[in-house]
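Lettering of chains follows the sequences in order, A, B, ..., and the numbering in each one begins at 1. Keep in mind that what you see is a predicted model, and the values were worked out from it rather than measured.
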Amino acid sequence: MLRMSTLFLRTLREDPADAEVPSHRLLVRAGLVRRVAPGIFSWLPLGYLVYRNVERIVREEMDAAGFQEVHFPALLPREPYEVTGRWTEYGDTLLRLHDRKGGDYLLGPTHEEMFTLLVKGEYSSYKDLPLVIYQIQTKYRDEARPRAGILRGREFVMKDSYSFDIDDEGLQRSYDRHREAYIKTFDRLGLEYVIVSAMSGAMGGSASEEFLAPCESGEDTFVRSEGGYAANVEAVVTVAPEPIALEGLPAAHVEDTPDTPTIETLVAVANAEHPHPDRPWTAADTLKNVVLRLDYPDGTSRPLIIGLPGDREVDMKRLEAQVAPAVPSPFEEDDFTKHPELVKGYIGPQVLGKESPSGIEYLVDPRVVPGTAWITGANEPGRHVFDLVCGRDFTFDGTIEAAEVRDGDPAPDGSGPLHSARGIEIGHIFQLGRKYAEALDLKVLDVNGKSRVVTMGSYGIGVSRAVAAIAEQHHDDKGLIWPREVAPADVHIVATGKDPAVFSTAEELALALEDAGLRVLYDDRKASPGVKFNDSELLGVPTIVVVGKRLVDGMVEIKDRASGQREEVPVAAAVAEVLKACGR
RNA sequence: CGGGGCGUAGCGUAGUGGCUAGCGCGCUUGCUUUGGGAGCAAGAGAUCGUGGGUUCGAGUCCCGCCGCCCCGACCA
């Protein structure tokens, strides 16, 4: 039993000045965590109880799935990370240190290398596969800007598992097993979450999904529809309209449009001087051609032009995900000088494409389909072409998902309009493929005695982050409201008043409930009722029992923290009623 | 790394060059009080982030440094 008279706990009446998001404010106010340095926190007794419950649930579900737990050091040597290139690739985010001999070490941000090497040292046959091993480990990332308290720290606890399979089918099975285990885990944690497909970019195009806990404080933006579609913004697929038959479409015609270097000025001039027969022109009638430079890791670079409806901006994150490993950057004056055929502000697709004289690759938004007619640059200053029809008057080299996704855009699966939302990444499952196995030479012999590179998956759950995510999703203006399984206790007994009978009854009740198998937090302090009630609401134990003034009538009160509902029950029935309230 | 804000007691804060740095919470002691962060009284607790400068005099003005928070960039 936890007695508040001796519990190491100090709640704060006021919000800490440096806390912004609800989980940070409440975890500090309720005395569950304390900051020791930016992005580094200590867990105090009640907080550590919650943390351990989360960790326990994660571990139970991993074990239930048949995965095996190991434990690596957090302090790691440089060499394995040198081999995979991450010693340098990870950059400043990698927390490095030296031992007394000047040797390079790091505090592990993630452990792909160590797992791969461990398996390499032990296994050498396909008969040993599949294998999944995991650990629950403190990880370190020297974040440029830790923020939001526990949500994004420099030290945090992650469950990371790794699967090892001989072939792609095996990898898919290991991936699916993790997906199932994660669903069970997050359900038990009481987290609302969505599973979004994530871009794995240039990492080989393999499957990757993120588990996001929707909440205001989330750092990841995703979109979802009423009908259940959810995806990372980077992964959203644009719904393309049906192509239009080319017959009978008006012929293209070039018009003078002086001083119209922007879409706004163009639309204004078009409406004033070349009005549409039936309706006003809008930005969506124009085809904007955005010029970019792609820089490749090998040092080469080349231009790329993206054609998209004039009412859309290029979303840099989506673009980067599409062109990786190349890095896009704006086209500079110098670049324009090298390409005199590009007339700044008046670029049109007639001169673009790999097959054209310019040879510049031209990719369009999926909304630009054959038969659509556009107002676009005529490749000379002050002139635009109207009714330029895709597939008749110009061609393109391919499509690209680089345009911004807007609220109201249709979901690709037809499940309704998309709305953007924010979420906390609480889990990520990822088919790594053979990248690490190849780099570290993890091979096994197959049935034919041939050496084959193992294929891997990596799967993470932010354990400490999940505590904060739960707090984000389960609180009100009075404090925390823990889901039962992660709560620091099942029942919080509040004794009010100074009547010795109150305290003796409360004590007996606490002992009886503990005997019945409940985890009991008992407020036996000599504090005023207001203090105790407020603390009980701040701490967020799901069931609260008040033993106080109604005891003279032989009654105690049972409150449900989440709903606020309360009922009075006779003392004699209290144990049974509390057990019922706790779902026992 | 860019932009903005802030460093005064454990926490939250006031203090626009002039007396002994003020208040609330929390803490200690005593008495009273006990169904919504109690009352009275008496206390303890601060090198005002740090180094330098200006001044008769600096928490207050100037410069450097350090640290923290927020937005952005970054983020397996």
Are A:R34 and A:W43 in a cation-pi setup, meaning NZ or CZ lies under 6.0 angstrom from the ring centre and within 45 degrees of the ring axis?
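Not satisfied by the 6.0 Å and 45° rule.
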
Quick check on side chain to side chain contact (heavy atoms under 4.5 Å, CB included): which of A:L46, A:L9, A:V520 does A:L2 satisfy it with?
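Testing A:L2 for a side chain to side chain contact (heavy atoms under 4.5 Å, CB included) against A:L46, A:L9, A:V520 leaves exactly one candidate, A:L46.
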
Whole-Å gap separating [atom2] ([N]) and [atom1] ([X]):
{"X": "A:E210", "N": "B:rC75", "atom1": "CD", "atom2": "C1'", "result": "12 Å"}
{"X": "A:H24", "N": "B:rC70", "atom1": "NE2", "atom2": "C1'", "result": "13 Å"}
{"X": "A:R35", "N": "B:rG12", "atom1": "CZ", "atom2": "P", "result": "11 Å"}
{"X": "A:L12", "N": "B:rA9", "atom1": "CG", "atom2": "P", "result": "15 Å"}
{"X": "A:E219", "N": "B:rG72", "atom1": "CD", "atom2": "C1'", "result": "12 Å"}
{"X": "A:R29", "N": "B:rC11", "atom1": "CZ", "atom2": "P", "result": "16 Å"}
{"X": "A:H428", "N": "B:rC75", "atom1": "NE2", "atom2": "P", "result": "14 Å"}
{"X": "A:L95", "N": "B:rC74", "atom1": "CG", "atom2": "C1'", "result": "17 Å"}

Considering only atom [atom1], compute the distance from [N] to [M] and round it to an integer number of Å.
{"N": "B:rC19", "M": "B:rG3", "atom1": "P", "result": "38 Å"}
{"N": "B:rG15", "M": "B:rC23", "atom1": "P", "result": "15 Å"}
{"N": "B:rC6", "M": "B:rU13", "atom1": "C1'", "result": "13 Å"}
{"N": "B:rU34", "M": "B:rA21", "atom1": "P", "result": "40 Å"}
{"N": "B:rC69", "M": "B:rG12", "atom1": "P", "result": "13 Å"}
{"N": "B:rC74", "M": "B:rG64", "atom1": "C1'", "result": "29 Å"}
{"N": "B:rU8", "M": "B:rG22", "atom1": "C1'", "result": "11 Å"}
{"N": "B:rC11", "M": "B:rU50", "atom1": "P", "result": "15 Å"}

Once rounded to the nearest 0.5 Å, what's the spacing between atom [atom1] of [X] and atom [atom2] of [Y]?
{"X": "A:E401", "Y": "A:L319", "atom1": "CD", "atom2": "CG", "result": "11.5 Å"}
{"X": "A:L539", "Y": "A:H492", "atom1": "CG", "atom2": "NE2", "result": "6.0 Å"}
{"X": "A:S5", "Y": "A:Y522", "atom1": "OG", "atom2": "OH", "result": "8.5 Å"}

Could you spell out the base pairing of RNA chain B as a dot-bracket line? Use Watson-Crick and G-U wobble contacts where both distances are under 3.5 Å, [ ] for crossing pairs, | for partners on a different strand.
(((((((..((((....[...)))).((((((.....)))))).....(((((..]....))))))))))))....

Thinking salt bridges, do A:E404 and A:R406 make one under a 4.0 Å N-O criterion?
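Answer for the salt bridge query: yes.
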
By side-chain hydrogen bond (donor to acceptor under 3.5 Å, both in side chains) - contacts of A:S464 (at least two apart)
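Residues passing side-chain hydrogen bond (donor to acceptor under 3.5 Å, both in side chains) with A:S464: none at all.
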
Just checking A:F115 against A:F72, ring centres under 6.0 Å apart?
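Yes, the ring of A:F115 comes within the 6.0 Å limit of the ring of A:F72, centre to centre.
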
Would you please indicate yes or no on a ring centroid separation below 6.0 angstrom for A:H178 and A:F67?
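Aromatic pair counts; centres sit under 6.0 Å.
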
One character per nucleotide, please: for nucleotides 21-36 of chain B, 5' to 3', B when the base has a protein heavy atom closer than 4.0 Å, S when only the sugar-phosphate does, - otherwise.
---BSS-------BBB

Answer with base, sugar-phosphate or nothing: what part of the nucleic acid does A:A495 contact at a heavy-atom distance below 4.0 Å?
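The answer is nothing, as A:A495 stays clear of every strand by at least 4.0 Å.
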
So what does A:D160 touch, heavy atoms closer than 4.0 Å: a base, only the sugar-phosphate, or nothing?
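Contact class for A:D160: none.
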
Between A:F156 and A:G149, which residue's closest nucleotide on RNA chain B lies nearer the 5′ terminus?
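With A:G149 and A:F156 compared, the 5'-side residue is A:G149.
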
Identified side chain to side chain donor-acceptor pair (under 3.5 Å) counterpart of A:Q135 within the set A:H71, A:H111, A:E69, A:Q68:
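Looking at A:H71, A:H111, A:E69, A:Q68, the match for A:Q135 under the side chain to side chain donor-acceptor pair (under 3.5 Å) is A:H111.
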
